[in-house]
Structure formats: C-alpha cells, structure tokens
Amino acid sequence: MVDTLILDLLDPEEARRPPMAMKDYSVEFKTDAVALYESTPRATYKSIAVDLGVNRATLREWVLRDRERRGVTTAAAKPAARPGVAMLSADPDERVRQLEARVAELEASERKLATERDILRKAAKYFAGETNW
C-alpha cells in the first residue's frame with residue numbers, strides 16, 4: 001500500500017500499471033536498445049523504454065553500463081539536440097554547410113528508423129517463438 005502511494009506521488013502513470021514480471025533479455029536486444037537510445041537525439045529513457053516495452057530504469061542501467069564499458073562520460077555521450085532547421089543562408093558556402101548538416105541529420109534519422117525496424121523484427125520473432133498456441 002505504501003509502495004503504491006509513493007509510486008503514485010512520483011509517477012502516477014507508472015503506479016497504475018501492474019508490476020512487470022522479470023524478463024531475461026538477450027545481449028543483442030540490450031545492445032540494440034542502447035544503440036537506439038544513443039542514436040536518437042531528443043529521446044528520453046522513458047520514450048524509448050515505452051517503445052520497446054521495457055522498464056525505464058532497466059534501459060537506463062543498460063545505457064550506463066554500456067557507456068562505462070566504452071569509457072564514455074555522461075556529458076559527452078549524447079550530442080545536444082538541434083532545434084528546428086534554420087532558413088538557408090544566401091552565402092553559397094554557408095548554404096552548402098547547412099545542407100550537408102541536414103543530410104547528416106536525415107542519415108542519422110534513417111539509421112534510427114532502421115534500428116527500430118530491426119528491433120521490432122527481432123522482438124516479433126522472439127515473441128512468436130514464445131507463444132504456445
């Protein structure tokens with residue numbers, strides 16, 4: 001009862017959910033989840049965890065362990081998100097730089113989508129094998 005009250009104060013949405021059973025995730029799934037989080041500029045632990053169906057704290061732990069393994073500091077781990085794309089400059093050199101930055105941004109987005117797709121395919125395959133119909 002007290003645990004529910006504390007959870008309700010901290011995160012009312014999380015308090016309403018039934019407790020999750022302990023799951024054993026494959027190393028590949030964990031690696032893909034970390035890669036998805038790291039490659040998504042504006043992502044939060046909560047948004048990625050909801051997308052993948054894992055606990056937010058679990059995803060955070062995976063990310064922190066991976067960063068520790070790679071020797072990456074938290075401040076340098078994830079680049080700051082760029083606000084919307086600005087108007088293109090009239091200067092041709094600056095315009096080329098802006099367009100190259102936009103191409104890089106779109107390529108990163110494409111990699112993110114491909115990673116998400118692969119994770120979903122693997123999850124579907126895993127859960128299809130888990131059902132006993």
Side-chain angles (χ1 to χ4, degrees):
M1 173 86 173
V2 174
D3 292 337
T4 305
L5 292 174
I6 292 171
L7 279 176
D8 194 34
L9 291 172
L10 296 175
D11 190 352
E13 182 182 318
E14 196 168 312
R16 284 189 288 277
R17 282 188 237 132
M20 292 177 59
M22 291 291 288
K23 295 181 183 176
D24 192 22
Y25 297 100
S26 69
V27 173
E28 187 178 21
F29 180 82
K30 292 176 186 179
T31 304
D32 289 344
V34 169
L36 178 61
Y37 175 78
E38 294 287 356
S39 68
T40 309
R42 294 178 186 88
T44 61
Y45 290 118
K46 188 173 183 176
S47 67
I48 298 296
V50 168
D51 288 346
L52 297 176
V54 298
N55 186 295
R56 174 180 35 110
T58 302
L59 176 63
R60 181 178 180 273
E61 185 65 28
W62 294 345
V63 170
L64 294 177
R65 282 184 187 169
D66 183 68
R67 287 178 181 170
E68 184 178 307
R69 181 186 58 79
R70 291 182 293 138
V72 176
T73 62
T74 305
K78 202 169 176 188
R82 273 185 42 185
V85 177
M87 295 293 292
L88 293 176
S89 173
D91 177 38
D93 291 335
E94 181 60 27
R95 184 180 172 106
V96 168
R97 278 191 289 278
Q98 289 174 339
L99 291 173
E100 287 174 343
R102 180 68 177 144
V103 167
E105 183 180 313
L106 291 172
E107 287 173 343
S109 177
E110 182 184 13
R111 282 191 303 275
K112 173 189 173 261
L113 291 171
T115 303
E116 288 176 343
R117 182 197 63 222
D118 293 343
I119 289 171
L120 290 172
R121 281 183 180 163
K122 290 173 188 174
K125 184 178 177 182
Y126 172 80
F127 288 116
E130 193 175 85
T131 58
N132 296 322
W133 296 10

Does Arg121 have any side-chain contact (heavy atoms from CB on, under 4.5 Å) partners at least two apart in sequence or in another chain, and if so, which? Arg117, Asp118
Is there a path from Leu64 to Val54 through hydrophobic residues (I, L, V, M, F, W, Y) whose side chains come within less than 4.5 Å of each other? yes
Could you pull out all residues at least two apart from Arg97 that satisfy side-chain hydrogen bond (donor to acceptor under 3.5 Å, both in side chains)? Glu94
Residues pairing under side-chain hydrogen bond (donor to acceptor under 3.5 Å, both in side chains) where one sits in residues 106-115, two or more places apart or in two chains, turn out to be Lys112-Glu116
Can you hop from Leu36 to Leu113 via hydrophobic side chains spaced under 4.5 Å? no
Residues two or more places apart in sequence or in another chain: which of them pass side-chain hydrogen bond (donor to acceptor under 3.5 Å, both in side chains) with Asp51? none
Taking only residues at least two apart or on different chains, which pairs with a member in residues 44-67 satisfy ring pair (Phe, Tyr, Trp, His ring centres under 6.0 Å)? Tyr25-Trp62, Tyr37-Tyr45
Ala35 backbone acceptor or donor facing Ser39 side chain under 3.5 Å: yes
Of all the heavy-atom pairs spanning Ala33 and Ile119, show the shortest one and how long it is. N-CD1, 4.0 Å
Take Glu105 and Arg102, measure what salt bridge (charged side-chain N to carboxylate O under 4.0 Å, His left out) needs, and give me the verdict at the end. CA-CA 5 Å; Glu105 183 180 313; Arg102 180 68 177 144; 2.7 Å; yes
Taking ring pair (Phe, Tyr, Trp, His ring centres under 6.0 Å) as the cut-off, I'd like each qualifying pair that reaches into residues 92-120, sequence neighbours left out, listed once. none
Heavy atoms, side chains only, cut-off 4.5 Å: are Lys30 and Val34 in contact? no
Distance in Å, Thr44 OG1 paired with Ile48 CD1, rounded so as to fall on 0.5 Å steps: 7.0 Å
